[in-house]
Amino acid sequence: MALSMTALMAQARRHWTMWLPEKVRELKAAGELESELQAVAKMAMRRAQELMQQGYRPHEAEEVVLAEYILLSPEPGAEEEDWEREENARLEAEYREEMRAFLAPDEEDETRDRRN
């Protein structure tokens, strides 16, 4: 897995601070934020290892664990503002277009395959 414990903890901290402010506030008040971040990162690393043993490629396992443990759904009070929603939609559209182009067979490859 490309991500380390430290990187997973940092990513969770950034995401949770922005999108789960009440959770972060409660964990800080209880003095448990750091231990929670560490536990989540450990669980994510273990889950990624399990997925890779099941045949997932590292980037696929990483995507699964980020969604399951790190990039949690926003709290109701942490909704995106209009400009954020528009920017995220634009970035998602760009990403999808890039993925379509990347995953589409190269015309050169198609020509070569037809000759063989």
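What you see is a predicted model; the values in this text were computed from it and never measured.
For A61 against A48, the heavy-atom pair with the smallest separation is CB-O, 3.8 Å. Here the closest non-hydrogen pair linking P58 and M52 is CA-SD, 3.6 Å.
Here the CG-NE2 distance, from L66 to H59, works out to 12.5 Å after rounding to the nearest 0.5 Å.
Y56 is not listed as a side-chain neighbour of E63, based on a closest heavy-atom distance of 4.5 Å or more. Residues L33 and R13 form a side-chain contact, since some pair of their non-hydrogen atoms from C-beta on lies under 4.5 Å apart. Side-chain contact between L37 and E34 is present, with at least one heavy-atom pair separated by less than 4.5 Å. Using a 4.5 Å heavy-atom threshold, the side chains of M45 and Q49 count as separate. Contact check for L72 versus L20: side-chain heavy atoms found under the 4.5 Å cut-off. Using a 4.5 Å heavy-atom cutoff, the side chains of W19 and V24 are not in contact. Using a 4.5 Å heavy-atom threshold, the side chains of L8 and Y69 count as separate.
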Test log, rule side-chain contact (heavy atoms from CB on, under 4.5 Å), inputs L71 and Q11
CA-CA 8 Å; L71 305 177; Q11 191 167 9; 4.0 Å; yes

Quick one, R47 with E68, criterion salt bridge (charged side-chain N to carboxylate O under 4.0 Å, His left out). Give me CA distance, side-chain angles, the key distance, then yes/no.
CA-CA 9 Å; R47 176 78 169 128; E68 288 180 357; 3.1 Å; yes

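Not one N or O on the side chain of T17 forms a donor-acceptor pair closer than 3.5 Å with the backbone of R14. Side-chain atoms of Q38 never come within 3.5 Å of backbone atoms of M9 as a donor-acceptor pair (strictly under, hydrogens ignored).
Using a cutoff of 4.0 Å between basic side-chain nitrogens and carboxylate oxygens, E60 and R57 are scored as salt-bridged.
With sequence neighbours excluded, the residues that form a salt bridge (charged side-chain N to carboxylate O under 4.0 Å, His left out) with R25 are E22.
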